[in-house]
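Numbering of ligands and ligand atoms starts at 1, following listing order. Position 1 is the first residue of the sequence; numbering continues from there.
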Amino acid sequence: MTATATFPLNFRTVPSQTARDAAARDEILADPGFGRHFTDHMVEITWTVDDGWHDAQVVPYGPITLDPAASVLHYAQEIFEGLKAYRHADGSIWTFRPEANALRLQRSARRLALPELGVEDFLESLRQLLAVDKDWVPSAPETSLYLRPFMYASESFLGVRAAHTVDYRVIASPAGAYFHGGVTPVSIWLSTDYNRAGRGGMGAAKTGGNYAASLLPQNEAYEQGCAQVLFLDSLEGKYIEELGGMNVFLVRHDGTLITPSLSGTILEGITRESIIQLARDRGHAVEERPVTVDEWRDGVESGEITEVFACGTAAVITPIAQLKSRDFAIGDPAAPAGKLTMSLREELTDIQYGRRTDHHGWMTRLA
Ligand SMILES: *Cc1c(COP(=O)(O)O)cnc(C)c1O
């Protein structure tokens, strides 16, 4: 049985006795990098098969005690989310389309046989964390507080079945500007030996297992001087799917955006969906359909495809200058970022940082 929270949870807060002072925090916020530093608190909510979700708390950030037989360590029953808190010019703190993250966490939970957390409880978990750790949201341009909600099977049991005890947590990590000294196009590596996901698998779920599958090809990409891996469909090996953690778009010379359709093996990126909306608002056609590597290669050679970019919460939009594989290289690694790529990036970040009107009601105030 999968119990779903049917009432809003009441949170209690246990303040940290070792919270860093303003000077120590400011030193970290001056150059936070990504995923290296964490705030003073974290959220924890427990689920059991008998009691559903309960014991919602904000507690001091610190190590988690897990039994060595905890099933997540053996069978990887785990899911996560990633979103950001942005500080606006007036000091207020906002996040972008958090309901979409909440709903995606529920879809991931269903695929991994984990319990679903209510949308309101998800949103409240973010508000509660920000209530105590809001000073950790940096204010320099392009910086944010990265929020990482996650859920894992904490029951100690080596039998193979969905766990009867599950924990949900939220941690937060200040993030510096993704690109130092301006947005720079990257080269990406086409993985032909490895796939990320297959039909009926977990490709559409945000789960650690998909990332584990991407690490070896990611190493291959680094060896080839590339920043990221592009995965192909596992059935025919000719359709592009996505990068290890970002969705991908091609831009045709007439301004049409083309992106692989959500086939069940691709993660449904919220940045992807938002870009589709913003492009359509501007009158651009957007095609969501199967896209072959050949279409990319021939299109770049003929001049039909003029820009390519990847997108996700962390980097927003990353221009792609070149696609490399064992057999060919498409595009010029020194090419500048595309015009439409950069203007969509600017529009989206302007909305996120409160510099432009939020026509779609995408922003939610957290603090
Ligand atoms: C999180 C993620 C994305 C991007 O999703 P956003 O909601 O835009 O951040 C794309 N692909 C994979 C595999 C992901 O895990």
Which atoms from ligand 1 have a heavy atom of [X] less than 4.0 Å away?
X      : answer
Arg196 : 13 (C)
Tyr211 : 2 (C), 12 (C), 13 (C), 14 (C), 15 (O)
Glu242 : 10 (C), 11 (N), 12 (C), 13 (C)

Between [X] and ligand 1, does any nitrogen or oxygen pair lie at a separation below 3.5 Å?
X      : value
Glu268 : no
Arg104 : yes
Gly269 : no
Arg272 : no

(request) Kindly say whether Ile351 contributes a backbone atom to a donor-acceptor pair with the side chain of Asp358 at under 3.5 angstrom? (result)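 It does not hold such a pair.
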Donor-acceptor list for residues 32-39 side chains, cut-off 3.5 Å, not counting sequence neighbours:
unit_1 : atom_1 : unit_2 : atom_2 : d
Arg36  : NH2    : Asp31  : O      : 3.4
Thr39  : OG1    : His41  : O      : 3.3
Thr39  : OG1    : Asp133 : OD2    : 2.7

(message) Which residue is it: Tyr146, Tyr353, Trp94? I am looking for the one with a ring pair (Phe, Tyr, Trp, His ring centres under 6.0 Å) to Tyr86.
(response)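 So the option named by the test is Tyr353.
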(request) Would you check whether Gly245 reaches within less than 4.0 Å of ligand 1, judged by its heavy atoms? (result)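 Gly245 counts as a contact of ligand 1 under the 4.0 Å cut-off.
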(request) Of the side chain and backbone of Met246, name the one, both, or neither that has a heavy atom under 4.0 Å from an atom of ligand 1. (result)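 Answer for Met246: backbone.
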(request) May I ask you to identify, for Leu267, whether its side chain, its backbone, both or neither come under 4.0 Å of ligand 1 on a heavy-atom basis? (result)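 Contact part for Leu267 vs ligand 1: side chain (C-beta onward).
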